[in-house]
Amino acid sequence: MARTTLGQALNRALRDALAADPDVVVYGEDVGPLGGVFRVTDGLSAEFGEDRCFDSPLAESGITGTAVGMAMYGRRPVIEMQFDAFAYPAFQQVVSHVAKMRNRTRGRLELPLVIRIPYGGGIGAVEHHGDSSEAYYAHTPGLRVVTPATAADGYSMLREAVESPDPVVFLEPKRRYWAAEDVELPARTEPMDRAVVRREGSDLTIIAYGPTVDTALLAAEAAAGEGRSAEVVDLRSLSPFDDETVAASVRRTGRAVVVHEAPGFAGFGAEVAARVTEQCFHYLEAPVMRVCGLDIPYPPPHLEEFHLPGVDRILSAVDRLQWESSWVPGTAPVGAPEQRSEVNA
Amino acid sequence: MARTTLGQALNRALRDALAADPDVVVYGEDVGPLGGVFRVTDGLSAEFGEDRCFDSPLAESGITGTAVGMAMYGRRPVIEMQFDAFAYPAFQQVVSHVAKMRNRTRGRLELPLVIRIPYGGGIGAVEHHGDSSEAYYAHTPGLRVVTPATAADGYSMLREAVESPDPVVFLEPKRRYWAAEDVELPARTEPMDRAVVRREGSDLTIIAYGPTVDTALLAAEAAAGEGRSAEVVDLRSLSPFDDETVAASVRRTGRAVVVHEAPGFAGFGAEVAARVTEQCFHYLEAPVMRVCGLDIPYPPPHLEEFHLPGVDRILSAVDRLQWESSWVPGTAPVGAPEQRSEVNA
Amino acid sequence: MTTSEAPPVAVPTVPSAEPIRLIDAEGRRTADPAVRAGFDLPGPDTLEALLRAMVVGRRFDGQAGALAKQGRLAVYPSSRGQEACQVGGVLALAENDWLFPTYRDCVSLVARGVDPVEVLTLLRGDWHCGYDPKAYRCAPQCTPLATNASHAVGLTYAARRKGADTAALVLMGDGATSEGDAHEAYNFAAVWNTPVVFLIQNNQWAISVPLHKQSAAPTLAHKAVGYGMRGYLVDGNDAAAVHAVVAHALAEARSGGGPALIEARTYRVEPHTNSDDPKRYRDDAEVERWRRRDPLARLEALLRSEGLLDDARMAGFQDEADRLAASVRERLSRPPRRTADDLFAHVYAEPTAALRRQRAAVREAAEHAERTGGPDGGR
Amino acid sequence: MTTSEAPPVAVPTVPSAEPIRLIDAEGRRTADPAVRAGFDLPGPDTLEALLRAMVVGRRFDGQAGALAKQGRLAVYPSSRGQEACQVGGVLALAENDWLFPTYRDCVSLVARGVDPVEVLTLLRGDWHCGYDPKAYRCAPQCTPLATNASHAVGLTYAARRKGADTAALVLMGDGATSEGDAHEAYNFAAVWNTPVVFLIQNNQWAISVPLHKQSAAPTLAHKAVGYGMRGYLVDGNDAAAVHAVVAHALAEARSGGGPALIEARTYRVEPHTNSDDPKRYRDDAEVERWRRRDPLARLEALLRSEGLLDDARMAGFQDEADRLAASVRERLSRPPRRTADDLFAHVYAEPTAALRRQRAAVREAAEHAERTGGPDGGR
Ligand SMILES: Cc1ncc(C[n+]2csc(CCOP(=O)(O)OP(=O)(O)O)c2C)c(N)n1
Ligand SMILES: Cc1ncc(C[n+]2csc(CCOP(=O)(O)OP(=O)(O)O)c2C)c(N)n1
Ligand SMILES: [Mg+2]
Ligand SMILES: [Mg+2]
């Protein structure tokens, strides 16, 4: 088994996708000779030529709009937004065209394109380089929004995203680019739209995705030390959402914590908490806790540690899951009104 | 008491704001001589001159960016995005500058500007004219996001928004522009960031905002006919969120339904359901139900009736609030796993 | 390995301040060669085809306007007065070329041969797009201004890479040129050298905003200079000139000459849409001046004075136009075909589990409504 | 009531293909009047001020680069080779004018008189902006490309309405001109006739993307034509020329002559930032060619040849530069001043209830971490 980083797995996925289908084209800012600022497209323009992997003018809306046009003609563009916050100029193209073209034309024009976005913080970069923008896309019908947490998923999910007939917003947890694991590529993992249980447990379920899956696993390890058995679910696909896997886990454990880096307010964790509660209400011993980024603009490097949900914050949320609640339905245990998840903690 | 529509109240608010403060400027597309496509700026350029209310070139990012610059110099720009979907080109300016400038400069540059956006459907308009984009803004720290449901609030909240030191995304429920009520202007209502109880009730709480408040009141009336006393809370401010008012109501009633037009998935209703559950868990007899728009692109006029949450859908959600549940904690009542709100109904 | 040095680019000539015109306002051939700018009047067959399509287009436009007034369309933005731009541009397209129209350009779609009822699907509120874009090589009518321009660039780029000589014609308004998306599309087209012709119908108004509040450029055609594109200013009420210049630009573009930007100077003689109130912002006098510059009358006069058109032929065009209008009336009197199920069918290639559940819920509600009288919509 | 007719606009002259130059590569006054394009060499005091600021700026830049290599800055994008643009532009500004710099333009801020340590606050990762924009009339360094250009338009528009004669200088790169926001800002400035000068530092590269993949225009200065703006092409390694042209454009703009777009042709001799690897995409030969066109050497040579500079004076500039570098080193060795509390202080004018709760939670966690050894961050 070879040690492979997420970045290498994504690079390999693009290489194999380019080789497998002549209609696949990869372009964006600096993805050509440079290989992308994170080197995810390293070597592709040299290997496949500047016709298949190339640098475009510096304009995200134009990059996305031209990808729409290429897809209309049967190509499968894979475009890169250099950083999360630099995808915002393309927002109109994504929301009003990428997401709607199939619906608008009743399936006559489909847009099999992939928008790759390195997202999230934790790499000590200045402002605009650490946003977690998944909620904006997840709330937009017509888009598939996925995010891999492992190298194997990075490869498999990106291949699947390129092959998908639907447009896919492919969110890459940038601080995990360099995380290595043993994996033999090419590898195909579970279908892109399924959540997976990364660690089994019986007392509570930690629901995470992308950059926070690893944090959740570390927290589960630590919780085990404190005698609590935490199951960890990696969502993988934010939209569509795999209710079956998530609900099955929470019904088993009766308690849940959802973890993400984006600000908690109106963040994706709210959807997770809401639908888990809807589906598991009578199994829940405590409200679903949200451990999220603070409700602030992404902080400067020296302070990002306070913003990013870490093991300690997950553990203290776990502690607040009312382990020995002795309450009668309809009445509040002492202090329950003050029971708050971190979001409005 | 004079009959006043929401549109007239907003127009009066802008007129009074322009008269009260020489730094207030109103501009955008067609807001000058035409008075805006909804006539909200009717007569303002004639009364205050084209220096105070004027038409700009047709570019939403430029409109927003110039407003940032004007605010940096001490002006209070009130800009109009002609329709919800046409604010998307300004998304980068809104998220990366409007929301962050105060934080970026530690309060040295504040941006007291108002972005008026007519939003929501129900007026029989073609695509891009019926989006409900509140979740995108509510998830963005640094913005205040408010939406009036009455003419009195339209006036009072818009005056307050213009006076606010923070940037305000002011969402105007376009299908309510022509709804008239008896109100004497100028009127000042509750502070912009407070929710208000529009109708008192004891059995359940219906939480709504903007265009769905009226629908919620109609549903409450109908529910009364069926012997159920529904309290109706009008959120008014989506961000920041008035936890006190909402939680107090739900703790009293023990059941809640949240209603909005936007697609339910990762919509603002998820935040409402999640935080209500966090704060009222032990008071809840049933999971918070969400009655929302379908998870689809906004439909064409002939089909929008199926998308918009109406009285019937609210009532059937109310029916699903487990009125005679007889369950033991930790075990599921028959069919409970199938218990779903409309969002994943 | 590369250096930053660019391949030498020719400085594009600045477009003439006087629009290219082949037929003058009185319907005579333009005498001044400077005004013809080296373009020849198209042949008789083309001229006749242009007139025919404009006659049919105008009749269609009037019919659609009437249906809108009757409330049988949700809204209708008229093409009236701009037929020379839309017909002249579309008839210059080859079979496999693509058209990228806006909400304003129904007449261009009719001229392209799209079923007129399918053209009106959007504005009727039946669905977002009624026709099959691939069957007609016509993109859906675009409402978000200037956003389809980059689609045309991408489509033609892809076509070239696949060995096709497909070109594209993008229709956009004067106001749309202010959008960032217009700029990005022009630049991508020029840098990628894609065969796209951007035809700006400068009808002087963006709803209520006059051109001088929109741009300080000498002409909109001058925008071409900053992209290294060819730029042309043409009389937008002269169908012959529009056709000649667009045909030339398309041919150049196809043979690798790069994209072009054409400003066709015309006028929106009707309100922005049937729900607009132009009295609030513009003088009737100006409208009247432009009504007298009618593009149909101009071409008809030329054809008649050159003996290329007689009453019988003209009557034939009118008959064809009336028949089309009648069939549009008749077919639009039938109820819309779409049902609630359609809402869920094409959000994704396959409806998701959540969408299947929502579809079932809506069906149930609809059936329930059947029994109890109509869904309540947003009330 | 209005009509669409625009007030007559003069067709702007197309910029020269040859950059305006006042000092040639060898440090001699430019002889050819065509190349001087009517501009005069600034006076001795200005020339000396330019050299002094460039010497100080380069030393600062080198020091910042060294700190970045040591990991004491999060990242540093060097201004090296572009000092003539940044210093020439900034020294042309009046006291009350505003500067709108990017991440690339630290030297421009030092030249503007901003505390060098406050300039580095962003790149050190201490906070997003270290200086008081109003105190220095310098907007925060902008990272989202071209997005601050419209801020400058709005600010100067507001200033004019308030009777001030404030003008603004916007610094942007060649790559940034491709963004829609650049287009919208140029157009708003021209239509509103606001006193903004857009100075494009064309350093030939946008990270790894060479200019010819960015634009097909003959020169970037040609972009001015499409907005009805004045456009100038200037030698970006000639501080005298940049200063003269920017000063002229600012004066014109202030007196109602409208905005201007200036392309300063220069070169990024360093990597994009310290974390870039230019070997992957460009030839060293090209870099070497440009290093030999050093803007400091050029101005120094002129001043010496004209007897306006001696070794003592030059040594004085160097001392000043060294002292500044030393103080930057020393002050940056102190720990950052910001604490977790700062995160919540300026999200809104008043922290919301939710933010106060989150602040309390973070404080608590921090204290707990104190006791148990460091918050765990994202681990
Ligand atoms: C991005 C965007 N902003 C605003 C609108 C609203 N709108 C529709 S048409 C129009 C005016 C367009 O003027 P122009 O481009 O000249 O086209 P015309 O209607 O005159 O043909 C506006 C502002 C829109 N459709 N898209
Ligand atoms: C909207 C946006 N997209 C992408 C980026 C990422 N980025 C940072 S610098 C840069 C290159 C900019 O080149 P140029 O404008 O020529 O400025 P230079 O760095 O050469 O001074 C890119 C693509 C960004 N900062 N903003
Ligand atoms: Mg127009
Ligand atoms: Mg550059």
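Below, chain A is the first sequence line, B the second, and so on; all start at residue 1.
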Checklist entry - Just by modelled atom types, is the C:Y348 backbone N or O under 3.5 Å from a matching donor or acceptor in the A:D166 side chain? => result no

Item to check | Contact winner vs chain C - A:A67, A:S56, A:A71, heavy-atom pairs under 4.5 Å | outcome: A:S56

Checklist entry - What part of C:L343 is in contact with chain A, defined as an atom under 4.5 angstrom from a non-hydrogen atom: side chain, backbone, both or neither? => result backbone

Next on the checklist: Can you tell me which portion of C:A345 sits under 4.5 Å from chain A's heavy atoms? Options are side chain, backbone, both or neither.
Outcome noted: neither

Checklist entry - Between the main-chain N or O of C:T339 and the side-chain N or O of C:D342, is there a donor-acceptor pair closer than 3.5 Å? => result yes

Checklist entry - In Å, rounded to the nearest 0.5 Å, how long is the span from CZ of C:F188 to OG of A:S61? => result 9.0 Å

Checklist outcome for this item: Per-residue tally against chain A (heavy atom, under 4.5 Å) across C:T121, C:T147, C:V153 peaks at C:T147

Next on the checklist: What part of A:P165 gets within 4.5 angstrom of chain C, counting heavy atoms only: side chain, backbone, both, or neither?
Outcome noted: side chain

Checklist entry - Among A:E110, A:R106, A:H97, which has the most heavy-atom pairs under 4.5 Å with chain C? => result A:R106

Checklist entry - So which part of C:R338 gets closer than 4.5 Å to some heavy atom of chain A, the side chain, the backbone, both or neither? => result side chain

Item to check | Under 4.5 Å from a heavy atom of chain C, the part of A:T64 involved | outcome: neither

Checklist entry - chain A heavy atoms under 4.5 Å from C:T166: which part of the residue, side chain, backbone, both or neither? => result side chain

Next on the checklist: Parallel, tilted or perpendicular, judged at 30° and 60°: which one describes the rings of A:Y136 and A:F91?
Outcome noted: perpendicular

Item to check | ring-ring contact (aromatic ring centres under 6.0 Å, His included) between A:F38 and A:F83, intermediate numbers included | outcome: CA-CA 10 Å; A:F38 291 108; A:F83 284 87; 5.3 Å; yes

Checklist outcome for this item: Most contact-rich option vs chain A, by heavy-atom pairs under 4.5 angstrom, among C:H183, C:E184, C:R161, C:H151, is C:H151

Item to check | Region of C:T352 that comes under 4.5 Å of a non-hydrogen atom in chain A | outcome: side chain

Checklist entry - Can you say whether C:A349 sits under 4.5 Å from chain A via the side chain, the backbone, both, or neither, judging by heavy atoms? => result both

Next on the checklist: Quick check on the interface: out of A:M101, A:R104, A:R75, A:K100, who has the most heavy-atom pairs with chain C under 4.5 Å?
Outcome noted: A:R104

Next on the checklist: Can you tell me which of A:M72, A:Q93, A:R144, A:Q92 forms the most heavy-atom pairs within a distance under 4.5 Å of chain C?
Outcome noted: A:Q93

Item to check | pair C:W192-C:R160: side-chain heavy atoms closer than 4.5 Å | outcome: no

Item to check | Part of A:A59 lying under 4.5 Å from any heavy atom of chain C | outcome: both

Item to check | NZ or CZ of C:R356 within 45° of C:F344 ring axis and under 6.0 Å | outcome: no

Next on the checklist: Is C:V347 in contact with chain A via its backbone, its side chain, both, or neither, using a 4.5 Å heavy-atom distance?
Outcome noted: both

Checklist entry - Quick check, are the ring centers of C:Y157 and A:F54 under 6.0 angstrom apart? => result yes

Next on the checklist: Between C:D132 and chain A, with a heavy-atom cut-off of 4.5 Å, which part of the residue counts as in contact: side chain, backbone, both or neither?
Outcome noted: both

Next on the checklist: Does any backbone or side-chain atom of A:D23 lie under 4.5 Å from a heavy atom of chain C? Answer side chain, backbone, both or neither.
Outcome noted: side chain

Next on the checklist: Is there a side-chain contact between A:L113 and A:V78 in this structure, where contact means two heavy atoms from C-beta onward sitting under 4.5 Å apart?
Outcome noted: no

Checklist entry - Does A:S156 use its side chain to pair, donor to acceptor, with the backbone of A:R188 at less than 3.5 Å? => result no

Item to check | Heavy-atom proximity to chain C below 4.5 Å, by part of A:I63 | outcome: both

Checklist entry - So, C:Y131 side chain and C:A139 main chain: donor-acceptor pair closer than 3.5 Å or not? => result yes

Next on the checklist: Using modelled atom types and a 3.5 Å cut-off, is there a donor and acceptor pairing between side-chain atoms of C:R112 and backbone atoms of C:Y136?
Outcome noted: yes

